[in-house]
Asks: 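Structure provided below as structure tokens; questions to follow.
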Amino acid sequence: MTQLVRDAVRAAIAAALDDAQQHGALPRLPGAEIAVERPQKPEHGDYASSVALRLAGTVKRKPLDVAQAIADSIQTGPLIDAVEVAPPGFINLRLSPHWKREQVNDILADPHAWGSIDIGHGQKLQVEFVSANPTGPLQVGNGRGAVLGDALASVLAAAGYNVEREYYVNDAGTQVRVFAETLHVRYQQHFGRDVEVPAEGYQGRYIVDLAEAIAADVGQQYLQPEGAPPPPSDQPDPLATEGLRRMLDQIRADLGLLGINFDQWFSEASLLSPRDALDGRSVYDTAMARLREGGHVVEKEGAVWFASSSDDDKDNVIVRSSGEPTYFATDIAYHFDKFALRRFDRVINVWGADHQGHVARTKAATAAVAGAANAQAEHGLEMLLYQLVHLRRGGERVRMSKRTGELVTLRELVQEVGPDVTRYFMLERSADAQMDFDLELATSQDPKQNPVSYVQYAHARCASILRTAAAEGLDAPTPESTADVQLLVEPTEIALIDAMLRLPELVELMATKLEPHHLTTYALELAQQFTQFYGACRVVDPSAPDRSRARLKLTRAAQIVLARALGLMGVAAPDEM
RNA sequence: GCGCCCGUAGCUCAGCGGAUAGAGCAUCAGACUUCGAAUCUGAGGGUCGGGGGUUCGAGUCCCUCCGGGCGCGCCA
């Protein structure tokens, strides 16, 4: 776990501000927020604060004077080496190079800890993502949610949360019924019966394949007598169950190809079955009872509605006039389960932007149904929306729909370009950015020109240098090594250390704002800094063994941090390419 | 019509209210007897969609217009 350097810098400035007021260099002020940032230009130091610019107005002094008064009181020491004031009123701080070099030893001391911080305090946090209906294979668009959710979960774990990854399996409701009907038709067609897929059924080829695979394995055992009426929907349907099981297996395998594994596959249908812990009632019934008791339910027009107390939303139907619950109703029960029964402190649902209209009502309903049992239900639910992926093939837009059956599956994409490129590409853009995925471009892309290979190459090169050093008989850069990191004085060496030092604060930023896409930019910059160091500094040099051993430590540290950045993205960190 | 998101270099996109707006790709010019050339060095390329406003300071915040995406009470 790493204490954030920025916080130490901020504390030093706060103390200086306090000190300047005590000595009368500045008038008494109400507590001001101290903004600390990383300047873009190296000549502006490692950290900068604009606090003087903000205060100048209220104390009616020139910004530069205020900055100077604060700067004069900043204590330099082992961490802060120099303080400068720059127009129009910035305070620029430089960290001690000696301290920076020592951080290399810290990175080596606990390779798995670098980049881990503790803003989560072990709070129980769930990231729910993908959650695509198990009525068809995953699409390219699902891949974006998959990659985003998985990287976010990794980032939050690095930030000190106790993270669970969950996939909500919609194995109940309308879509499953349509899936079952279609599957029955295809299954019967396989045995030569003259039946048609209903108009609202799934037209896709994959469901024919599924029916044939089942028929090949089990024969005719699910065949109903010819012309028999369809079984009532509340009866178990062995063919549908088998079909769903196989679809889920395929989804699980597809996600496995991307290196994504869930802790929990949560069944929607399980919300409807009785539970001993709830006195034999289902989660669904319990949640609905809570809603009624809380006065959140109104009945009108023959249906049951969730009465919104928020201005953002209107009333929404939870039980249709037909008596059937809506998707929203089971969703309320699901979130009741998350907060009231499983007691998560925070839940982040990663949703496609087409679900934007559900955000307000789901939050309101969650607070209403679970707020009494778990206060976190009031504000602990957040939705991370990602814009949908538009596929193109050349200039042509590819329309996707499970129902019409024109599909570009995630599996096809991953098999074509590989999991690492898929993940990196999906992660490169912010969730808010619309994304065009040109299949022609993606599949023809020269791997040599891919940013992900560049980063992986830097990692592999670290490994290669370490191998060469071992062959030359130089001792390994272990934490016990007596190599002196203070010999790292070249500009490219310090720049590389600077890049490594940024990771903990980046993790904090990503975890706070739920923005894992910064990882790609960071990984690229880190790889560039390493490559520049490599170009400027000979590491394995028998004529200068002490310096070689110091640079080996730096190389090993760079490998560790590159591996961590790649690991958070879920991208492989190979020792050879 | 209303709500959310987007508009930044030729292309794809970063950019926590701060200093001369960045990267990758593409283009052009150079660099391998040297630890991995899947590399490096350099160059060109921008009225940050338009217009107002707030601020010491706006690509970033507010208003408005234009363009694109998604959604809008008994689908999921």
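Below, chain A is the first sequence line, B the second, and so on; all start at residue 1.
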Asks: May I ask you to decide whether A/D541 forms a salt bridge with A/R538, counting only side-chain N to carboxylate O separations under 4.0 Å?
Replies: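 Looking at A/R538 together with A/D541, the answer is no, because their closest N to O distance does not fall below 4.0 Å.
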
Asks: Considering just the side-chain nitrogens and oxygens of A/R461, establish if one lies under 4.0 Å of OP1 or OP2 belonging to B/A37.
Replies: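 The answer is yes; a side-chain N or O of A/R461 sits under 4.0 Å from OP1 or OP2.
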
Asks: Any side-chain N or O of A/H517 below 4.0 angstrom from OP1/OP2 of B/G15?
Replies: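 Looking at the OP1 and OP2 atoms of B/G15, one of them is under 4.0 Å from a side-chain N or O of A/H517.
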
Asks: If the threshold is 4.0 Å, N to carboxylate O, is there a salt bridge linking A/K363 and A/E382?
Replies: no

Asks: Please determine if a side-chain N or O atom of A/H355 lies less than 4.0 Å away from the OP1 or OP2 oxygen of B/C4.
Replies: no

Asks: Whole angstroms only, please: what is the CD-C1' distance between A/Q434 and B/G71?
Replies: 13 Å

Asks: When you compare B/C74 with B/C5, how far apart are their P atoms, in angstrom units rounded to a whole number?
Replies: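 Here B/C74 and B/C5 have their P atoms 24 Å from each other.
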
Asks: What's the closest nucleotide to the side chain of A/Q532 if the choices are B/U41, B/C74, B/C35?
Replies: B/U41

Asks: Does the structure show a Watson-Crick or G-U wobble partner for B/U39, both distances under 3.5 Å? Name it, or say none.
Replies: B/A31

Asks: Between A/T468 and B/C35, is there a contact of a side-chain N or O with OP1 or OP2 at under 4.0 Å?
Replies: no

Asks: Closest to the A/E515 side chain: B/G15, B/G36, B/C6?
Replies: B/G15

Asks: Classify the nucleic acid contact of A/A469 as base, sugar-phosphate or nothing, counting any heavy atom under 4.0 Å across all strands shown.
Replies: nothing

Asks: Examine B/C40: is either OP1 or OP2 under 4.0 Å from a nitrogen or oxygen in the side chain of A/Q528? Give yes or no.
Replies: no

Asks: Across the strands shown, which category fits A/L524 at heavy-atom distances under 4.0 angstrom: base, sugar-phosphate, nothing?
Replies: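 Touches sugar-phosphate only.
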
Asks: Expressed as a whole number of angstroms, how long is the span from A/H459:NE2 to B/A38:P?
Replies: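 Distance check: A/H459 NE2 to B/A38 P gives 18 Å.
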
Asks: Using side-chain heavy atoms (C-beta onward) and a distance below 4.5 Å, is A/F530 in contact with A/Q559?
Replies: no

Asks: I want to confirm an ordering. Mapping A/G535 and A/E43 to their closest nucleotides on RNA chain B, which one lands closer to the 5' end?
Replies: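 In this pair, the answer is A/E43.
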
Asks: If we require ring centres under 5.5 Å and near-parallel planes under 30°, does A/F90 stack on B/G18?
Replies: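 Not stacked: fails the 5.5 Å / 30° test.
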
Asks: Heavy atoms under 4.0 Å, any strand shown: does A/D331 hit a base, just sugar-phosphate, or nothing?
Replies: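 Contact class for A/D331: none.
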
Asks: From NE2 of A/H518 over to C1' of B/C13, roughly how many Å is that when rounded to an integer?
Replies: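 Value for this atom pair: 13 Å.
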
Asks: Parallel, tilted or perpendicular, judged at 30° and 60°: which one describes the rings of A/Y202 and A/F179?
Replies: perpendicular

Asks: If the cut-off is 4.0 Å, is A/S50 near the phosphate of B/G17, judged by side-chain N/O to OP1 or OP2?
Replies: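 Answer no for this pair, as no side-chain N or O of A/S50 is under 4.0 Å from OP1 or OP2.
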
Asks: Give a yes/no answer on whether the side chain of A/Y534 brings an N or O atom under 4.0 Å of OP1 or OP2 in B/A37.
Replies: yes

Asks: Has the side chain of A/T326 got a donor or acceptor atom sitting under 3.5 Å from an opposite partner on the base of B/C74?
Replies: no

Asks: Could you work out the separation of B/C48 and B/U8 based on their P atoms and round it to a whole Å?
Replies: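 My reading of the P atoms in B/C48 and B/U8 gives 11 Å.
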
Asks: Taking syn as within 90° of 0 and anti otherwise, name the glycosidic form of B/C16.
Replies: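 For B/C16, whose glycosidic angle is more than 90° from 0, the conformation is anti.
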
Asks: Would you say that A/H459 contacts A/M577 through its side chain, given a criterion of any heavy-atom pair below 4.5 Å between the two side chains?
Replies: no

Asks: Does any N or O donor sit under 3.5 Å from an N or O acceptor when you compare the side chain of A/Q40 with the base of B/G22?
Replies: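 Check fails, no donor-acceptor contact within cut-off.
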
Asks: Please tell me if A/Y327 has a side-chain N or O lying less than 4.0 Å from either OP1 or OP2 of B/A76.
Replies: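 No, no such contact exists.
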
Asks: Measure the distance from NZ on A/K553 to C1' on B/C35 and round it to the nearest whole Å.
Replies: 20 Å

Asks: If you check the A/H44 side chain, which of B/C6, B/G36, B/A19 turns out closest?
Replies: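 Shortest atom-to-atom distance from the side chain points to B/A19.
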
Asks: Would one find a side-chain N or O of A/R429 under 4.0 angstrom from OP1 or OP2 of B/C13?
Replies: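 Yes, within the criterion.
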
Asks: With a cut-off of less than 4.0 Å, is there a side-chain N or O of A/K41 near OP1 or OP2 of B/G22?
Replies: yes

Asks: When the nearest nucleotide of RNA chain B is assigned to A/P88 and to A/S322 on a heavy-atom basis, which residue is associated with the more 5' position?
Replies: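 Nearer the 5' end of the strand: A/P88.
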
Asks: Which of the following nucleotides, B/G36, B/C16, B/U39, is nearest to the side chain of A/R467?
Replies: B/G36

Asks: Determine, for A/E508 against A/R6, whether the closest basic-nitrogen to carboxylate-oxygen distance falls under 4.0 angstrom.
Replies: yes

Asks: For B/U12, give the paired nucleotide (Watson-Crick: N1-N3 plus N6-O4 or O6-N4; G-U: N1-O2 and O6-N3; both under 3.5 Å), or none.
Replies: B/A23

Asks: For residues A/H44 and A/F90, determine if any side-chain heavy atom of one lies less than 4.5 Å from a side-chain heavy atom of the other.
Replies: no

Asks: Between A/R502 (CZ) and B/G15 (C1'), how many Å, whole number?
Replies: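 Rounded to the whole Å, the gap is 12 Å.
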
Asks: When we call it a touch if two heavy atoms are under 4.0 Å apart, what does A/T531 touch: a base, just sugar-phosphate, or nothing?
Replies: sugar-phosphate

Asks: With both distances kept under 3.5 Å, what pairs with B/G3, Watson-Crick or G-U wobble?
Replies: B/C70

Asks: Send over the distance from A/N170 CG to B/A76 P, rounded to a whole Å.
Replies: 10 Å

Asks: Name the nucleic acid region contacted by A/E472, choosing base, sugar-phosphate or nothing; use a 4.0 angstrom heavy-atom cut-off, strictly under.
Replies: nothing

Asks: Name the orientation of the base relative to the sugar in B/G73: syn if the glycosidic angle is within 90° of 0, else anti.
Replies: syn

Asks: Under 4.0 Å, heavy atoms only, any strand: does A/C537 hit a base, just the sugar-phosphate, or nothing?
Replies: base

Asks: Out of B/G73, B/G36, B/A19, which nucleotide sits closest to the side chain of A/W305?
Replies: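 Output: B/G73.
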
Asks: Considering only heavy atoms and no angle criterion, is a donor-acceptor pair shorter than 3.5 Å present between the side chain of A/D354 and the base of B/A76?
Replies: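 By the distance-only test, no, there is no pair.
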
Asks: Under 4.0 Å from OP1 or OP2 of B/G18: is there any side-chain N or O of A/R54 that close?
Replies: no

Asks: Answer yes or no: is there a donor N or O on one side and an acceptor on the other, between the side chain of A/D171 and the main chain of A/A269, under 3.5 Å?
Replies: yes

Asks: In whole Å, measure the gap between the C1' atoms of B/G51 and B/G67 for me.
Replies: 15 Å

Asks: Looking only at atom types and distance, does a side-chain atom of A/T531 sit under 3.5 Å from a main-chain N or O of A/A527, one as donor and one as acceptor?
Replies: yes

Asks: For B/C61, which nucleotide in any strand shown is its Watson-Crick or wobble partner with both distances under 3.5 Å?
Replies: B/G53

Asks: Any side-chain N or O of A/T174 under 4.0 Å from OP1/OP2 of B/A76?
Replies: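 Checking B/A76 against A/T174, a side-chain N or O does come within under 4.0 Å of OP1 or OP2.
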
Asks: Heavy atoms from C-beta onward define the side chain here; which of B/C16, B/C6, B/C56 lies closest to that of A/R38?
Replies: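 Minimum distance to the A/R38 side chain belongs to B/C16.
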
Asks: Just to be sure I understand the rule, does A/A48 reach a base, reach only the sugar-phosphate, or reach nothing, if contact means heavy atoms closer than 4.0 Å?
Replies: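 Counting heavy atoms under 4.0 Å across all strands, the contact made by A/A48 includes a base.
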
Asks: Give a yes/no answer on whether the side chain of A/Y454 brings an N or O atom under 4.0 Å of OP1 or OP2 in B/C40.
Replies: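 Checking A/Y454 against B/C40: at least one side-chain N or O falls below 4.0 Å of OP1 or OP2.
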
Asks: Would you mind reading off the distance between A/Y424 atom OH and B/U12 atom C1', rounded to a whole angstrom?
Replies: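 Between C1' of B/U12 and OH of A/Y424: 12 Å.
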
Asks: Between B/U39, B/C35, B/C74, spot the one nearest the side chain of A/A303, thanks.
Replies: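 Minimum distance to the A/A303 side chain belongs to B/C74.
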
Asks: May I ask you to decide whether A/R547 forms a salt bridge with A/E490, counting only side-chain N to carboxylate O separations under 4.0 Å?
Replies: no

Asks: For the pair made of CD in A/Q387 and P in B/U12, what is the distance, rounded to whole Å?
Replies: 16 Å

Asks: Which nucleotide, if any, forms a Watson-Crick or G-U wobble pair with B/G45, using both distances under 3.5 Å?
Replies: none

